Number of protein chains: 2
Amino acid sequence: MAVANDSPYDSSHMKSVILPAALKALLPPTLHARCEAGRFPRNDRIFLTGARPEWMFYVVSGEVTLERTGLQGEPVVLQRTRQGFVSEASLKSSKYHCDALAIVDTTVVKIPIRDLSAELDRDPAFASRWIGMLNGEVRRLRLHCERLSMKSVKDRVLHLIDTEGQNGSYTAATGLKSLAGELGVTHEALYRTLAALEKAHVIRRAEGVLSSVRP
Amino acid sequence: MAVANDSPYDSSHMKSVILPAALKALLPPTLHARCEAGRFPRNDRIFLTGARPEWMFYVVSGEVTLERTGLQGEPVVLQRTRQGFVSEASLKSSKYHCDALAIVDTTVVKIPIRDLSAELDRDPAFASRWIGMLNGEVRRLRLHCERLSMKSVKDRVLHLIDTEGQNGSYTAATGLKSLAGELGVTHEALYRTLAALEKAHVIRRAEGVLSSVRP
DNA sequence: CGTACTTTTGAATCGCATCAAATCTGGTGG
DNA sequence: CCACCAGATTTGATGCGATTCAAAAGTACG
């Protein structure tokens, strides 16, 4: 039969792909060949709430958001990923608990979950690396919660530069409007706060890079 | 020598302890005997930022907060645990990145990290269960972030009952003031919002239990 | 019974959301 | 090349909701 099939368990058109170094170091060689490349144009859904996870997605370039539908039907952003796994917590889930949306043109590496899971059970060293990755994710999420607990936009911005920035500089790769959503504030409030912080010589701004004046 | 020694690797006073069912099911039998009970009176620090992790703590009763020191020296609550692991993300860390504080009298089970880590490397099924536990933690944290992104106290309260409650009822075991901190709002705002929601027959309240009227 | 803490209500203030609108930007097609 | 459009960026005005400060009432505990 010549029907198109996107399942990872159809061996008829397996294609390996160049892996980012971080992913190559994490995954055992066995899995390297089973990874595939994926491309999603802006505004494409990568997966939907309720669907059965078959692939584990690793964002190589672009940006993906995880979204749930709020109580009033409005979309709420759970997470934003520019580099790294999406939905790593759905490894053992029978269905997704949120949507994944490519908010710009995005390329990913797809790993078949069945193989990934089997390999985690078989290879303790790999499982250990995977646990380390999840530990990092937990820490990052806790910092994000800490940031969202701050009452003023100013505090959130400074905390962001402090905790997510590289030696005093944070790069807002996908624009300030997107950053505002991540910080849980309106874009107007963020623009105003940045302007005020810049005028007060607390931060500097250039090409979407926010730098703390005194690191 | 008769010096007191709290290290898990001093075999002279090993004492096993009754484990909660959830913990017993997670840990391999090998580790059961190496667990110890711990008791921390209210306001005791369980560990400090910068210290080397030797024990993994599982809260059995009471309440523990993870705290970091904010930019202005004020303590910021990263997380609140009434039941489950504290600092599970520090499994492989050489030092803690926050303080743990018993905010009421608390009992914990302590597991020696060295043994825990060794067993994770040796027992793939255990590693798999551990990964499942971390996956749940990641999901819970994402929901917490989602909640903190909501602008009104009302939305946060309803979201809390929705996502953390048992069929429409959330139990604020350690008081509403503590809950306010978890929701990232002042206790005054929480009291007022709860009163308003109750008057509007959206929720009911009894003995620290918040119930959604229409589940 | 006094102390410490939580719960509750009141009043004033401030920061952010909201609505509105202007400018700027990059990209597309005539 | 210019007209045009969609989206990001920016500034302005207004109102609401939460913070803040204050104080009273309730509760647990020694």
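Heavy-atom basis, side chains included; hydrogens, waters and symmetry copies ignored. Order of the sequence lines sets the chain letters (A, B, ...), proteins ahead of strands, with each chain counted from 1. Just so you know, these numbers come straight off a predicted model, no measurement behind them.
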Would you call A:Glu164 and A:Arg147 a salt bridge, using N to O less than 4.0 angstrom?
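Between A:Arg147 and A:Glu164 there is a salt bridge, with a charged N closer than 4.0 Å to a carboxylate O.
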
Does anything in residues 183-195 of chain B come within less than 4.0 Å of DNA chain C? Heavy atoms only, and list the residues if so.
B:His187, B:Glu188, B:Tyr191, B:Arg192

Specify the separation, in whole Å, of atom CZ of A:Arg156 and atom P of C:dG15.
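The answer, rounded to whole Å, is 15 Å.
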
Starting from P on D:dA8, measure out to CG on A:Leu179 and report it in whole angstrom.
13 Å

Rounded interatomic separation in angstrom, taking CG from B:Leu148 and P from C:dC16
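Rounding to the nearest Å, CG of B:Leu148 and P of C:dC16 are 16 Å apart.
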
Side-chain H-bond candidate by donor/acceptor type, A:Ser94 with A:Arg52, under 3.5 Å
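The answer is no; no qualifying pair exists.
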
With a cut-off of 6.0 Å (strictly less than), are more than 12 heavy atoms of other residues, nucleotides or ligands near NZ of A:Lys24?
no

Under a plain distance cut-off of 3.5 Å, with no hydrogens placed, do B:Ser178 and B:Arg80 share a side-chain donor-acceptor pair?
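A donor-acceptor contact under 3.5 Å links the two side chains.
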
Quick check on side chain to side chain contact (heavy atoms under 4.5 Å, CB included): which of B:Ile161, B:Val153, B:Val157 does B:Leu197 satisfy it with?
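Of all the options given, the one that passes is B:Val157.
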
A:Met150 has an atom CE; how far is it from atom P of D:dT19, in whole Å?
15 Å

Applying a 4.0 Å non-hydrogen cut-off, can you work out what B:Arg205 is touching in the nucleic acid: base, sugar-phosphate, or nothing?
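Result for B:Arg205 = sugar-phosphate.
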
From NZ of B:Lys199 over to C1' of C:dT9, roughly how many Å is that when rounded to an integer?
11 Å

Listing time: all N or O pairs from protein to nucleotides 27-30 of chain D that are below 3.5 Å?
none

Under 4.0 Å between a side-chain nitrogen and a carboxylate oxygen: does that hold for B:Arg204 and B:Glu198?
no

Five pairs at each end of the helix from C:dC1-D:dG30 to C:dG30-D:dC1: take the axis at both ends and give me the angle between them to 10°.
40°

Measure the distance from NZ on A:Lys151 to C1' on C:dT13 and round it to the nearest whole Å.
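Taking atom C1' of C:dT13 as the reference, NZ of A:Lys151 is at 16 Å.
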
Does a sphere of radius 6.0 Å around CZ in A:Arg205 hold more than 12 heavy atoms from other residues, nucleotides or ligands, not counting ones at 6.0 Å or beyond?
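More than 12 within 6.0 Å, yes.
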
In whole angstrom, give the distance that lies between atom CG of A:Leu197 and atom P of C:dC16.
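Value for this atom pair: 10 Å.
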
Side-chain ion pair, B:Asp115 and B:Arg34, N-O less than 4.0 Å:
yes

Side chain to side chain donor-acceptor pair (under 3.5 Å) assessment of B:Tyr58 paired with B:Glu88:
CA-CA 9 Å; B:Tyr58 185 98; B:Glu88 65 279 18; over 6 Å; no

Could you check whether any side-chain N or O of A:Arg68 sits under 3.5 Å from a backbone N or O of A:Leu78, counting only pairs where one atom can act as donor and the other as acceptor?
no

Assess whether a salt bridge exists between B:Asp99 and B:Arg45, defined as any Lys/Arg side-chain N lying under 4.0 Å from an Asp/Glu carboxylate O.
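Counted as a salt bridge, because a side-chain N and a carboxylate O are separated by less than 4.0 Å.
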
